[in-house]
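Lettering of chains follows the sequences in order, A, B, ..., and the numbering in each one begins at 1.
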Protein chains: 2
Amino acid sequence: MKLQARTPKELGHAIRQARKTQSLTQKDLAIKSGVWQETISKIERGVVATKIETVFDLLAALDMELQIQPRTKVDEADLEEIF
Amino acid sequence: MKLQARTPKELGHAIRQARKTQSLTQKDLAIKSGVWQETISKIERGVVATKIETVFDLLAALDMELQIQPRTKVDEADLEEIF
DNA sequence: CAATTTTATGATTGAAAGATCATATGAACT
DNA sequence: AGTTCATATGATCTTTCAATCATAAAATTG
């Protein structure tokens, strides 16, 4: 599973998707990552521009990592809001 | 160019590398991204855990983007500090 | 090596994130 | 429908980041 992110909102969606793929609740992830469930809720919805450390905490708990790469062409379908 | 990052320090290195590849000074990047040169300096050295928005601003100015993916196996060489 | 450019550091200030708790809304199941 | 589990919201407080300016140190170049 590979997910692009260019905005806090997209990042939130990606994190949520990764979490769901692993059948974890926000509470589960909160315990694994040390990040509060309330905070996870906000991050997943993109209502806060979180600190990168928090992102790393979440990704580590999800066994994921960040990769930085050249911008890829944007697919038409991706321009529409997913949620 | 694809660069992994699991910590603020690694992320900083990745950003610095991307910047240098494009022959930009911190000042150049500051102007393009709207992020202060002093802040870029700190981020590249990993001395601050920046906000994700700032990272997105920098990456956008560098025409790069984030990808979230499953953790890859760690290469021995990558365990040593680069700087 | 002197001058210029680039990067780092240090201090202050205002804004914002995360912890924390309490509660509300929503979903899923019996 | 009522209960339980999951997610969202709202408020307060502490901590921390980015802007800002000034300057120092390091690197580059003439």
Quick one: does [X]'s side chain get under 4.5 Å of [Y]'s, heavy atoms only?
| X | Y | value |
| --- | --- | --- |
| A:T21 | A:L62 | no |
| B:H13 | B:R16 | no |
| B:L58 | B:T50 | no |
| A:R45 | A:K42 | yes |
| A:L11 | B:I68 | yes |

Would you please name every residue forming a side-chain hydrogen bond (donor to acceptor under 3.5 Å, both in side chains) with A:E65, sequence neighbours left out?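 Once residues adjacent in sequence are excluded, the partners of A:E65 under the side-chain hydrogen bond (donor to acceptor under 3.5 Å, both in side chains) criterion are B:Q4, B:R6, B:Q69, B:T72.
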Of residues 19-33 of chain B, the positions that come close to DNA chain C - non-hydrogen atoms, cut-off under 4.0 Å: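 Of all residues in residues 19-33 of chain B, the ones placing a heavy atom under 4.0 Å from DNA chain C are B:R19, B:T25, B:Q26.
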Using a cut-off of strictly less than 4.0 Å between a heavy atom of the residue and any atom of DNA chain C, enumerate the qualifying residues of residues 56-65 of chain B by number.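 Contacts with DNA chain C under 4.0 Å: none.
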[X] side-chain proximity, nearest of [options]:
| X | options | value |
| --- | --- | --- |
| B:S41 | D:dT16, D:dT9, C:dA8 | C:dA8 |
| B:Q37 | C:dA17, C:dA8, D:dT9 | C:dA8 |
| A:W36 | C:dT20, C:dA8, C:dA17 | C:dT20 |
| A:V35 | C:dT7, C:dA19, C:dA17 | C:dA19 |

So does A:D63 get a backbone contact from the side chain of B:R71, meaning a donor-acceptor N/O pair under 3.5 Å?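 Looks like no, no N/O pair under 3.5 Å.
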Calculate the interatomic distance between [X] atom [atom1] and [N] atom [atom2]; express it in whole Å.
| X | N | atom1 | atom2 | result |
| --- | --- | --- | --- | --- |
| A:E44 | C:dA17 | CD | P | 17 Å |
| B:K42 | D:dA19 | NZ | P | 10 Å |
| B:I52 | C:dA17 | CD1 | C1' | 13 Å |
| A:K51 | D:dT16 | NZ | P | 7 Å |

D:dA6, OP1 or OP2 - any side-chain N/O from A:R16 closer than 4.0 Å?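 Negative; the distance criterion is not met.
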Should A:T54 be listed as having a side-chain N or O under 4.0 Å from OP1 or OP2 of C:dA17?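 For C:dA17, neither OP1 nor OP2 has a side-chain N or O of A:T54 closer than 4.0 Å.
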If I take atom CD from residue B:E44 and atom CD1 from residue B:I40, how far apart are they, to the nearest 0.5 angstrom?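 One finds 7.0 Å between CD of B:E44 and CD1 of B:I40.
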Hey, what do you get for CG (A:L3) to CD (A:Q67), rounding to the nearest 0.5 Å?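 So the CG of A:L3 and the CD of A:Q67 are separated by 12.5 Å.
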In 5'-to-3' order, the base (B), backbone-only (S) or no-contact (-) status of each nucleotide in nucleotides 23-30 of chain C, using a 4.0 angstrom heavy-atom cut-off, is --------
Considering only residues two or more places apart or on different chains, which pairs with a residue in residues 27-38 of chain A satisfy side chain to side chain donor-acceptor pair (under 3.5 Å)?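 Applying side chain to side chain donor-acceptor pair (under 3.5 Å) to every pair that reaches into residues 27-38 of chain A, excluding sequence neighbours, yields A:T25-A:D28, A:Q26-A:Q37.
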Just jot down the side-chain contact (heavy atoms from CB on, under 4.5 Å) partners of B:T7, sequence neighbours excluded, or say none.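 In terms of side-chain contact (heavy atoms from CB on, under 4.5 Å), with neighbours along the sequence ignored, B:T7 is linked to B:K9, B:E10.
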Taking for each residue the nucleotide of DNA chain D with the nearest heavy atom, is it B:G34 or A:R45 whose nucleotide lies nearer the 5' end?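 Comparing both residues, the 5'-ward one is A:R45.
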